[in-house]
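Below you'll find the structure, written out as C-alpha cells, and then a few comments.
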Amino acid sequence: MGQDQKRRHVLASVSDSFGSAPTQFAARRYTMSSGNIHGSQTLIKPTFSEKEATELVERVFGLKVSVIRSLPSYTDQNFHVHVSRSEGTADCADKYVLKITNCEDSQNPELIEVQTQIMIFLNVEGFPSATPHLTKDGKIMSLESLGTGSVTKKYMVRLLTYLPGMMVATISTNPHILYEIGKLAARLDKTLTEKFHHPSIKSLHRGKFIWNLANVPLLEQYIHALGQNSYREVVEQLIQQFKDKIVPKLRNFRACINHGDLNDHNILLDSNTASPENPQYRVSGILDFSDMSYGYYVFELAITIMYMMIESKDPLSVGGHILAGFESIVPLITEERDALFLLVSGRFSQSLVIASYTSLLYPENKEYLMITAKTGWKHLLRMFDMGQEAVEKIWFETAKAYMNNEPM
C-alpha cells in the first residue's frame with residue numbers, strides 16, 4: 001500500500017493506474033509482517049519490469065498478454081493484466097491481477113496457500129471473491145526467482161481474477177449499504193469458521209501480528225512516534241483500558257476466522273438500478289485477504305465500523321447500521337457488546353500510531369500520511385471526549401430501531 005496505503009483507512013489511498021476500474025490488491029497499508037514493521041521496503045519489494053511480468057504470465061500461467069500495467073503497491077508488486085483469448089478456451093476471463101508477494105512474506109507459503117484457498121472457498125459459497133488462475137502445472141501459485149548469483153530472491157506469484165465494481169470509498173454511503181456491509185462481515189466470518197477446513201489452517205494463528213485487534217498493547221513499542229502531546233495521552237489511556245478491560249475478557253468472546261481488513265477500499269459495489277438519481281448498491285467484490293487471522297466475531301465488527309466511519313458525513317451513526325446488519329447474522333453476547341467501544345477505539349489507535357511510526361521510517365511520505373490521519377484523530381478524539389456510554393447509546397439505539405422495523 002504506501003503508495004500502497006489506504007486513504008480511508010487512515011493511512012492513505014491509491015487510485016488505479018489502469019483506466020477507470022478500481023484498484024485491486026493495491027490498497028494495502030504499510031505492511032507489518034508477522035508483527036514487525038518492515039525496516040526497508042527496498043530490500044523486500046519485487047522489482048519486476050512490465051516485460052518481465054509479461055514473460056512470467058506467459059511462462060507460468062500459459063496465457064498470452066495483450067496489455068499489462070503496473071498497479072500501485074508497497075511491499076508487494078501488482079500488475080493489471082489483459083490476456084488474449086483463443087477460441088474454445090474454457091476460462092472466459094480476460095482480466096487478471098498478477099500479484100507478486102514480497103520476498104519476506106513469500107517465506108510463509110502455508111499462509112499464502114490458506115489465504116488463497118479461502119478465496120476459492122468463499123467464491124464457491126457465493127461470496128464475490130477473486131479466484132486464482134492455475135499455473136500450467138495445475139497449482140494456485142508459483143515460487144519464482146528474480147536476480148542473479150547471490151542476490152537472487154524468491155517471490156510467490158499468483159494470477160487472480162479481476163473483480164469489477166466501484167470501491168465503497170467512491171460513494172456516499174447510506175444506512176442500507178452500511179447494514180449490508182455489517183451483514184457481509186458476519187456472514188463471511190461465520191461461513192469460514194463453520195465450514196472452511198484446510199491442513200494449514202493453523203497458519204492463521206499469527207501470534208504477534210500487529211493488525212490483529214488483540215495486539216493493541218503492542219502499540220507501546222511504537223507510540224514514541226506520536227511525540228509528547230494530547231494524542232499520545234489519549235492513546236496511552238486507551239491502551240491501558242484495553243489491557244484492563246479487554247485482554248482479561250478475550251476468553252469470553254466467541255472465536256472465529258477474521259478477514260481483518262474490511263475497509264472501504266476492499267469492498268466493491270455495483271448498482272442494480274437504472275436510476276442514476278437513486279442508485280441501489282450491492283456488494284460485488286471482497287478484496288485483500290492478507291490480514292486474515294484467528295480472532296473473534298466482535299473484532300470483525302469493530303474493525304468494519306472503524307473503517308466505515310473514516311469518511312462518513314455522519315460517522316457516529318455508522319456503528320449502529322453496521323451493528324444491525326452484523327447482528328442479523330451473529331447477535332452479540334453481553335461481553336462483546338460491552339467491549340465494542342474500546343475495540344473500535346483500539347483499531348483507530350492501531351492505524352494512527354502505525355501511520356506516525358511509518359512516517360518516521362519513510363519521511364518522504366510524512367505529509368501525505370499525516371494529512372489523511374487528521375480525520376482519524378478527529379473521530380477518535382470525539383469518541384474519547386463523548387465517552388463510551390454516549391457513543392454506545394447512539395449505536396445501540398440505531399441498531400434497536402432495525403429490530404423494531406422503524407424507518408431509518
Flag side-chain contact, heavy atom, 4.5 Å: [X] against [Y]:
{"X": "Leu380", "Y": "Trp377", "value": "yes"}
{"X": "Val298", "Y": "Glu335", "value": "no"}
{"X": "Val97", "Y": "Val81", "value": "no"}
{"X": "Leu159", "Y": "Val60", "value": "no"}
{"X": "Ile286", "Y": "Leu262", "value": "yes"}
{"X": "Tyr294", "Y": "Ile201", "value": "yes"}
{"X": "Leu352", "Y": "Val235", "value": "no"}
{"X": "Met309", "Y": "Val344", "value": "yes"}

Just by modelled atom types, is the [Y] backbone N or O under 3.5 Å from a matching donor or acceptor in the [X] side chain?
{"X": "Asn258", "Y": "Tyr296", "value": "yes"}
{"X": "Ser359", "Y": "Ser356", "value": "yes"}
{"X": "Gln350", "Y": "Ile210", "value": "yes"}
{"X": "Glu311", "Y": "Ala169", "value": "no"}
{"X": "Ser106", "Y": "Thr101", "value": "yes"}
{"X": "Asp270", "Y": "Gly165", "value": "no"}
{"X": "Glu125", "Y": "Leu188", "value": "no"}
{"X": "Lys136", "Y": "Arg59", "value": "yes"}
{"X": "Glu300", "Y": "Gly260", "value": "yes"}
{"X": "Asn266", "Y": "Asp261", "value": "yes"}

| Only one of Leu287, Ile177, Val168 clears side-chain contact (heavy atoms from CB on, under 4.5 Å) with Ile267; which? |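 Result for side-chain contact (heavy atoms from CB on, under 4.5 Å) with Ile267: Val168.
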Is it the case that over 12 heavy atoms from other parts of the model lie below 6.0 angstrom from the CZ atom of Arg382?
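Check fails, neighbour count at 12 or below.
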Whether Glu327 and Arg337 form a salt bridge (side-chain N of Lys/Arg under 4.0 Å from carboxylate O of Asp/Glu) is what I want to check.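 So Arg337 pairs with Glu327 through a salt bridge.
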| Would you call Glu58-Lys64 a salt bridge at under 4.0 Å N-O? |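 Salt bridge: yes.
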To the nearest 0.5 Å, tell me how far [X] [atom1] sits from [Y] [atom2].
{"X": "Ser349", "Y": "Tyr231", "atom1": "OG", "atom2": "OH", "answer": "13.0 Å"}
{"X": "Leu192", "Y": "His197", "atom1": "CG", "atom2": "NE2", "answer": "11.0 Å"}
{"X": "Met383", "Y": "Glu392", "atom1": "CE", "atom2": "CD", "answer": "8.5 Å"}
{"X": "Thr161", "Y": "Asp94", "atom1": "OG1", "atom2": "CG", "answer": "11.5 Å"}
{"X": "His82", "Y": "Lys95", "atom1": "NE2", "atom2": "NZ", "answer": "4.5 Å"}
{"X": "Leu143", "Y": "Gln107", "atom1": "CG", "atom2": "CD", "answer": "10.0 Å"}

- Query: Phe326 vs Tyr297 aromatic rings, parallel, tilted or perpendicular, using cut-offs 30° and 60°?
  - Reply: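 It falls in the perpendicular class, over 60°.
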Inset, instruction - May I ask you to decide if the ring planes of Phe196 and His198 are parallel, tilted or perpendicular, using 30° and 60° as cut-offs? - result: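 Parallel.
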Over all heavy atoms of both residues, which pair between [X] and [Y] is shortest? Give the atoms and the distance, please.
{"X": "Ser345", "Y": "Leu238", "answer": "CB-CD2, 3.9 Å"}
{"X": "Tyr162", "Y": "Pro164", "answer": "O-CD, 3.6 Å"}
{"X": "Leu56", "Y": "Ile100", "answer": "CD2-CD1, 4.1 Å"}
{"X": "Arg206", "Y": "Ser290", "answer": "NH1-O, 3.0 Å"}
{"X": "Gly376", "Y": "Ile310", "answer": "CA-CD1, 4.3 Å"}
{"X": "Arg158", "Y": "Ile140", "answer": "CG-O, 3.6 Å"}

Test Glu336 against Phe299 for side-chain contact (heavy atoms from CB on, under 4.5 Å), laying out the working first. CA-CA 9 Å; Glu336 293 166 341; Phe299 280 13; over 6 Å; no
Quick check on the 6.0 Å ring-centre criterion: do Tyr155 and Phe48 meet it?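 Yes: the rings meet the under 6.0 Å criterion.
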(request) Output, in order, the C-alpha distance, side-chain angles, deciding distance and verdict of side-chain contact (heavy atoms from CB on, under 4.5 Å) for His224 and Tyr357. (result) CA-CA 8 Å; His224 64 272; Tyr357 186 81; 3.7 Å; yes
Practice problem: Assess Arg187 against Phe127: is NZ or CZ under 6.0 Å from the centre of the six-membered ring, and within 45 degrees of the ring's axis? | Solution: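 Relative to the ring axis of Phe127, which defines the angle, Arg187 lies inside both limits.
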Between Asn212 and Ser293, does any side-chain donor sit less than 3.5 Å from a side-chain acceptor?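 Yes, side-chain donor-acceptor contact under 3.5 Å.
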message = Go through it in stages, so that I can follow the logic: the residues are Ile246 and Phe253, the test is side-chain contact (heavy atoms from CB on, under 4.5 Å), and I'd like the CA-CA distance, side-chain angles, deciding distance and then a yes or no.
response = CA-CA 10 Å; Ile246 301 296; Phe253 299 163; 4.3 Å; yes
**Message:** Can you tell me which residue among Asp76, Asp105, Asp288 is in a salt bridge (charged side-chain N to carboxylate O under 4.0 Å, His left out) with Lys99?
**Reply:**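 The residue from Asp76, Asp105, Asp288 that satisfies salt bridge (charged side-chain N to carboxylate O under 4.0 Å, His left out) with Lys99 turns out to be Asp76.
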message = As a test of understanding, state which of Tyr402, Tyr179, Trp395 forms a side chain to side chain donor-acceptor pair (under 3.5 Å) with His321.
response =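 With His321 as partner, Tyr402, Tyr179, Trp395 yield a single side chain to side chain donor-acceptor pair (under 3.5 Å), made by Tyr402.
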Query - Worked verdict on Lys243 versus Ile239 for side-chain contact (heavy atoms from CB on, under 4.5 Å) - result: CA-CA 6 Å; Lys243 288 196 227 178; Ile239 292 173; 3.9 Å; yes
